[in-house]
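Since the structure is predicted, the reported quantities are computational estimates derived from the model, not experimental observations. The chains referred to below are lettered A, B, ... by the order of the sequence lines, with proteins before strands, and numbering in each begins at 1.
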Amino acid sequence: MLKNKKSFKIISMPKELSKTYNPKEVEDKIYQLWEKSGYFNPDNLPAASSIKQQVSSYTIVVPPPNVTGSLHMGHALNAAIQDILIRKKRMEGYKTLWLPGTDHAGIATQNVVEKELKKQNVSRHDLGREKFLEKVWEWKEKYGGIILNQFKKLGCSMDWSRVRFTMDEQYQKAVNEAFLRYYKKGWLYKAERVINWCVRCQTSLSDLELEYKEERSKLWHIKYPLLNEKGFIIVATTRPETMLGDSAIAVNPKDKRYKNLIGKKVLLPIQNREIPIIADEEIDMEFGTGAVKLTPAHDLLDARIGEKHKLPVYKVIGPLGKMAPEAGQLCAGLKVLECREKVMVELKNQNLIEKEEDYNHNVAVCYRCNGVIEPQPSLQWFLKMNELAKLAIKAVKSGEVKFHPKNWEKIYFSWLENIRDWNVSRQIWWGHKIPLEGETDVLDTWFSSALWPFATLGWPDKTKDLKEFYPTQVISTARDIINLWVARMIFSGLEFTGQKPFSDVIIHGTILTKDGKRMSKSLGTGIDPMILIEKYGADATRFGLIWQAMGNQDIHWDENAVIAGKKFANKVWNVARFILMNKPSQINTDSNADTRGKNIGENQRGNPSKSAFDEDKEFIKKLNTTKKQVSKQVDTYEFGQALHSLYDFVWHEFADKYIESSKGRNDEEVKIVLNNALLEVIKMLHPFMPHLTEEIYQNLPNKNKEFLMIEKW
RNA sequence: GCGCGGUUAGCUCAGUGGUAGAGCGUUUCAUUGACAUUGAAAAGGUCAGAAGUUCGAUCCUUCUACCGCGCACCA
């Protein structure tokens, strides 16, 4: 083989490039070179002289994945997006920080460790709080870093010297400080309220931590006998068992059907309690019979109306999801559904069921365990939201913080404008303990992640990092945590630092299966990005993700895009190989030169003709247009479009047209153009496909910089 | 119930007020020196449906249908 190639061998080339691009041989090696270089750390980057001091840093804090997690497609897409921004800005001369880290993820992690223990038939209560927490820390040390290593496999240029964890000592300090500052302002208070209680996790949850699941159920119409007169008032309910805790019947004051009943009393069946019929405007006349049973202890609306009318509260369901003593002898101790059956039997016996109809409704479930939510009164910590919500609304209304795409602002505003005080205490063990004496509760995990952009940089201390890298520029995430996380970061940042935590919020699309269904591990519809990397390489995987990331729409995942990425990587590789290994002058000594020359015109052998110069000019123009376009598209967060532009140019303009026609030429000009274009192309492509382009750069005979990573954009 | 997004080639998706585009797939042809992970070409679309604005609508407006999602006080 070598013999055949002898005449083409170029002495100046340090080594031969393989015929095809082989990511496995390249990616880990290149990543190690980058890491060793120290350039992921902005302290080691030369400050750009051309850029003014106040904008010279560019920071993204990574949305900290849960320590329970392993990388899924959403993480991979988000990481690719952030790495593109970071790498481009680094090449543009900014002191670029991409700060990595993980979230302790209170309930999620506690549940995982509890499950582990259950295999050995041990509960957390068997161990006790202290021992259990030791176990969680052990678990975190063992598995918590997996996802960070997966980021490395993707090629993420994160500053590993600044890894943070939401339970680090410094971070705990930040959380305590935040709590105390809110407390001193009088915004944190303790109160007994009806909250969302997860029976399985044994903790309260905020309104945002609920999901809704459709349930096929019945709507039962139950007769409540009027007191001291004949007749009934009929109420419709999906939860007959809660009648044991009823303290009134409510109707709309405008409802003619019930006008003459308002103020009268009924005898609550089974409990034989006298309860009033009251009027409240919040009652929907259209629904059911227009008359509602009120159970102030176990329903949020009922609780509100109950408070208004000063109704007594009967706690008939206990925290374990079993009927409490107040439910009465008949049902106390039963599970909720057992109680429901018992109540139904009893009501049938008393002939108090008017009818039942099929009814589908949504029931609230826990976002961590899918368990049943039982609203119930509980003593909890709440954070007043009025002022904070105002801050957050103003920041976006004024344009200080921008959403991309903009329409996600609606979701943000609609939540903040109708906000209720935030229940921030959780009755679990894994988390930040509430400061103050005698507290056993911990804080909502989102309370601490709300501080992420500044707590990771050293707040509340006045650190050099905080000064240099805060406010950050961009936060990139999926839509499901706009309010859970993004909104809370915005008001926390404004409240504690007086500055917005970031300027731009990128909401990328969700990756779905090809049929448009949710990717989920348990359904077996998920795809492991690590398998894609193994099969096609990290650059091809990134290509596949970004190729499909058009207009922030949801992505119907198609693995063909990754295959296209692998082919493209090879194409780019071979463009480089052609330019670096087979100089046009040498090729042209070959006798085929005549026929090649014919492809591009009459007069293009030997010296460049006029038309060849025109061709160069035209090509250079297209190159410059592409440069501008790609740069603009990345700056406006149109990542998919940017990659398509690049792909088109590289493959169809550079390779198919210019390189093909260059084969018939033997002038200095064409060599210069080819070499320059190659350098420009790998620069532009570097943020998207960093390993491939860096490997090519490392093979350039004369490079300006140690790494393409720090080349000038 | 309110709101948001989508509907363009067989599949996944771009796009524009004036002959409709890409990747993959399909068909035909080509090719010993960058690359078969290739090149040249072809077939394939009433741009969901209807009405309106306009000289002209796939694009703007309204309505309808279907799909997806969010929110709600889903008794």
Side-chain angles (χ1 to χ4, degrees), chain A residues 4-5 7-8 17-22 207-208 212 214-215 217 219-220 235-240 242 249-250 280-284 286-295 298-305 359-364 405 407-411 414-415 418 479-480 482-483 509-510 512 514-518 536 540 543-544 547-582 586-587 590 592 596 599 638 640-641 643-645 647-648 651-652 655-656 659-660 662-663 674:
Chain A
N4 293 341
K5 284 197 169 178
S7 58
F8 299 105
L17 300 181
S18 61
K19 195 169 172 180
T20 54
Y21 174 62
N22 188 345
D207 300 332
L208 290 177
Y212 291 88
E214 184 161 300
E215 191 182 72
S217 177
L219 188 64
W220 287 281
V235 301
T237 182
T238 55
R239 301 201 60 188
T242 61
I249 303 287
D280 194 286
E281 276 164 4
E282 285 197 77
I283 305 303
D284 180 0
E286 307 291 314
F287 190 90
T289 62
V292 187
K293 57 189 265 334
L294 291 183
T295 319
H298 301 292
D299 182 282
L300 282 118
L301 172 64
D302 293 7
R304 196 163 68 225
I305 297 178
Y359 184 67
N360 293 343
H361 68 149
N362 295 322
V363 292
N407 35 323
W408 294 114
E409 288 176 3
K410 284 197 177 180
I411 284 182
S414 72
W415 181 64
N418 303 294
R479 61 167 172 268
D480 47 346
I482 288 175
N483 293 326
T510 304
L512 306 169
K514 209 166 182 173
D515 317 327
K517 296 202 176 106
R518 207 173 186 79
Y536 307 107
F543 179 102
W547 184 256
Q548 297 182 74
M550 301 296 280
N552 302 52
Q553 294 295 320
D554 285 354
I555 294 166
H556 288 200
W557 180 253
D558 187 352
E559 192 162 315
N560 278 322
V562 183
I563 294 169
K566 186 180 160 68
K567 288 184 182 178
F568 184 56
N570 194 56
K571 188 72 181 179
V572 174
W573 181 253
N574 275 288
V575 164
R577 189 162 171 258
F578 172 77
I579 294 171
L580 297 179
M581 298 188 68
N582 298 287
Q586 276 147 319
I587 287 169
D590 195 82
N592 290 334
R596 288 204 192 98
N599 292 333
E638 297 169 286
Q641 285 87 341
L643 184 57
H644 278 82
S645 309
Y647 179 95
D648 276 351
W651 202 306
H652 301 304
D656 288 349
I659 289 181
E660 282 309 314
S662 79
K663 288 176 180 172
L674 282 172

### Query
Would one find more than 12 heavy atoms of other residues, nucleotides or ligands at under 6.0 Å from atom CD of A:E214?
yes

### Task
Indicate for each nucleotide in nucleotides 7-17 of chain B, in 5' to 3' sequence, whether protein heavy atoms under 4.0 Å reach the base (B), only the sugar-phosphate (S), or nothing (-).
----SSSSS--

Please report the distance, rounded to the nearest Å, between [atom1] in [X] and [atom2] in [N].
X: A:R479; N: B:G6; atom1: CZ; atom2: P; value: 13 Å
X: A:K410; N: B:A72; atom1: NZ; atom2: P; value: 17 Å
X: A:E286; N: B:A75; atom1: CD; atom2: P; value: 16 Å
X: A:I482; N: B:G5; atom1: CD1; atom2: P; value: 13 Å
X: A:N418; N: B:C2; atom1: CG; atom2: C1'; value: 12 Å
X: A:N560; N: B:A22; atom1: CG; atom2: P; value: 17 Å
X: A:D299; N: B:A72; atom1: CG; atom2: P; value: 14 Å
X: A:F578; N: B:A34; atom1: CZ; atom2: P; value: 6 Å

Would you measure the distance from the [atom1] atom in [N] across to the matching atom in [M] and give it in whole Å?
N: B:G17; M: B:C59; atom1: P; result: 11 Å
N: B:G44; M: B:G25; atom1: C1'; result: 11 Å
N: B:U26; M: B:U19; atom1: P; result: 33 Å
N: B:A22; M: B:A14; atom1: P; result: 16 Å
N: B:G33; M: B:U38; atom1: C1'; result: 13 Å
N: B:G39; M: B:A57; atom1: C1'; result: 39 Å
N: B:C66; M: B:U27; atom1: P; result: 38 Å
N: B:G21; M: B:A42; atom1: P; result: 12 Å

## Note on the structure
In short, salt bridge (Lys or Arg N to Asp or Glu O under 4.0 Å) pairs touching residues 557-570 of chain A with sequence neighbours left out are A:K514-A:D558, A:K535-A:E559

### Exam field: side chain A:D554 to backbone A:T510, donor-acceptor pair closer than 3.5 Å
yes

Protein-nucleotides 37-45 of chain B N/O pairs under 3.5 Å:
| residue | atom | partner | partner atom | Å |
| --- | --- | --- | --- | --- |
| B:U37 | O2' | A:N570 | ND2 | 3.2 |
| B:U37 | O2 | A:K566 | O | 3.3 |
| B:U38 | O3' | A:K571 | NZ | 3.3 |
| B:G39 | OP1 | A:W651 | NE1 | 2.2 |
| B:G39 | OP1 | A:D656 | OD1 | 3.4 |

### Message
Taking ring-ring contact (aromatic ring centres under 6.0 Å, His included) as the definition, give me every residue that meets it alongside A:W573, ordered by chain and number, with sequence neighbours left out.
### Response
A:Y21

### Query
Can you list the residues that meet the ring-ring contact (aromatic ring centres under 6.0 Å, His included) rule with A:H644, with sequence neighbours excluded?
A:W547

### Query
Phosphate oxygens OP1/OP2 of B:G33: is one of them under 4.0 Å from a side-chain N or O of A:K663?
no

Does [X] have any salt bridge (charged side-chain N to carboxylate O under 4.0 Å, His left out) partners at least two apart in sequence or in another chain, and if so, which?
X: A:R304; answer: A:E282
X: A:D656; answer: none
X: A:E638; answer: none

### Task
Assess whether one donor atom and one acceptor atom, taken from the side chain of A:N362 and the base of B:C74, lie less than 3.5 Å apart.
yes

Classify the nucleic acid contact of [X] as base, sugar-phosphate or nothing, counting any heavy atom under 4.0 Å across all strands shown.
X: A:A576; answer: nothing
X: A:L300; answer: nothing
X: A:N574; answer: base
X: A:L512; answer: nothing

### Query
Nearest nucleotide by nearest heavy atom, which residue falls closer to the 5' end of RNA chain B, A:I411 or A:A561?
A:A561

### Task
Specify the residue among A:G516 and A:G288 whose closest nucleotide of RNA chain B lies further upstream toward the 5′ end.
A:G516

### Message
Return the CG to CG distance between A:L219 and A:N360, rounded to the nearest 0.5 Å.
### Response
11.0 Å

Who pairs with [X] by side-chain contact (heavy atoms from CB on, under 4.5 Å), at least two apart in sequence or on another chain?
X: A:A291; value: A:I233, A:V235, A:I249, A:V251, A:Y258, A:T289
X: A:T237; value: A:I222, A:R239, A:P240, A:K293
X: A:D648; value: A:H652

### Message
Cation-pi check for A:Y647 against A:K571: NZ or CZ below 6.0 Å from the six-membered ring centre and within 45 degrees of the axis, yes or no?
### Response
no

### Task
Could you check if a side-chain atom of A:I482 sits within less than 4.5 angstrom of a side-chain atom of A:W415, using non-hydrogen atoms only?
no

### Message
Side chain of A:A564, heavy atoms from C-beta onward: which of B:G23, B:C73, B:A34 has the nearest atom to it?
### Response
B:G23

### Query
Choosing from B:C73, B:G23, B:C35, which nucleotide comes nearest the side chain of A:Y647?
B:G23

### Message
Once pairs are restricted to Watson-Crick or G-U wobble with both distances under 3.5 Å, how does RNA chain B read as a dot-bracket string, [ ] for crossings and | for other-strand pairs?
### Response
(((((((..((((....[..)))).((((((....).))))).....(((((..]....))))))))))))....

